[in-house]
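Remarks on the structure that follows.
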Amino acid sequence: MRKLKNSELDRLSVDAFKSIKKTPLIIILDNIRSLNNIGSVFRTSDAFLIEKIYLCGITATPPHKDIHKTALGSTDTVAWEYIENTIDLIEKLKTKNIKICSIEQAENATMLNDFEVEPNTKYALVFGNEVKGVAQDVVNASDVVIEIPQFGTKHSLNISVSCGVVVWDLFSKLKSNNL
């Protein structure tokens, strides 16, 4: 088996990326401290054709060299917007019938492997602060809380890893259901 060269990867151009149909997923970063985590989320969002990223609260915005270091140019492809207050954003998205999903460990959370995507539904995935997680008021405002099953001693994943796991899972479910 031979590794593929970059020239063999069938990469989209920036213009092609911007015009292609997107996955009906939005990412909300709620008070993320690490610029490297922000950049990693941009890169994951590019890989899975995420519609948009909202950067909220203390979450830094491009351009920034530390975001760029891990985003590798994906801040130029993935649509993004800064909204200071996450609750205001959630209220706005709900008026557009977007289902709000906080990714958090909470009472009565739905395990990721049990979460079923619905036809004709767009989802906004909220990822929270590296220490405090998703703010309680944001959890309260969510339509559902999704928990990533974990079986070790820490029960804690880096936010960029959590984003990759959840986005891949929902992307796969949406594609397998032709949604």
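What you see is a predicted model, and the numbers here were worked out from it, not measured in a lab.
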[X] (side chain) donor-acceptor with [Y] (main chain) under 3.5 angstrom:
X: S102; Y: E104; value: no
X: S142; Y: V138; value: yes
X: H64; Y: T61; value: no
X: T86; Y: C56; value: no
X: K22; Y: I20; value: yes
X: Y123; Y: L170; value: no
X: N31; Y: I58; value: yes
X: T121; Y: P119; value: yes
X: S74; Y: T77; value: no
X: T23; Y: F171; value: no

Can the ring centroids of W168 and F48 be said to lie less than 6.0 angstrom from one another?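 Between W168 and F48, the centre distance is under 6.0 Å.
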By the definition side chain to side chain contact (heavy atoms under 4.5 Å, CB included), identify the one residue from V41, L157, L125 that meets it with S162.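 Going through V41, L157, L125 one by one, the side chain to side chain contact (heavy atoms under 4.5 Å, CB included) with S162 is satisfied by L157 alone.
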Knowing that exactly one of V139, I103, I28 qualifies, which makes a side chain to side chain contact (heavy atoms under 4.5 Å, CB included) with V134?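 For V134, the side chain to side chain contact (heavy atoms under 4.5 Å, CB included) test succeeds with only one of V139, I103, I28, which is V139.
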Do you know the tightest heavy-atom contact between [X] and [Y]?
X: N37; Y: N158; value: OD1-OD1, 3.0 Å
X: V145; Y: A106; value: CG1-CB, 3.9 Å
X: K21; Y: L49; value: O-CD1, 4.0 Å
X: P62; Y: T75; value: CG-CG2, 3.6 Å

Verify the neighbour count for atom CG of D114: are there more than 12 heavy atoms of other residues, nucleotides or ligands below 6.0 Å?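 It does: D114 CG has more than 12 such atoms within range.
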Residues, nucleotides or ligands: over 12 heavy atoms within 6.0 Å of E116 CD: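 Check fails, neighbour count at 12 or below.
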For K92, is there an ion pair with D88 - N to carboxylate O distance below 4.0 angstrom?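 The answer is no: the pair does not qualify as a salt bridge.
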Ion pair check, K96 and E91, cut-off under 4.0 Å: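 Judged by the 4.0 Å cut-off on N to carboxylate O distance, K96 and E91 do not form a salt bridge.
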Are side-chain heavy atoms of [X] and [Y] found at a separation under 4.5 Å?
X: K122; Y: N97; value: no
X: D30; Y: N129; value: no
X: L25; Y: L174; value: yes

Salt bridge (Lys or Arg N to Asp or Glu O under 4.0 Å): which pairs involve residues 73-85, sequence neighbours left out?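 Non-adjacent pairs meeting salt bridge (Lys or Arg N to Asp or Glu O under 4.0 Å): K52-E81.
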Pairs flagged by salt bridge (Lys or Arg N to Asp or Glu O under 4.0 Å) wherever residues 127-147 is involved - sequence neighbours left out: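 Qualifying pairs, neighbours excluded: R33-E130, K94-D143.
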Quick one: list whatever passes salt bridge (charged side-chain N to carboxylate O under 4.0 Å, His left out) with E107, sequence neighbours left out.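 Counting only residues at least two positions away or on another chain, E107 forms no salt bridge (charged side-chain N to carboxylate O under 4.0 Å, His left out).
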Would you please test R2 and E8 for salt bridge (Lys or Arg N to Asp or Glu O under 4.0 Å) and show each step? CA-CA 12 Å; R2 177 184 65 81; E8 297 175 288; 2.8 Å; yes
Shared hydrophobic cluster, F127 / F42 (ILVMFWY, side-chain heavy atoms < 4.5 Å):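 Yes, one cluster joins them.
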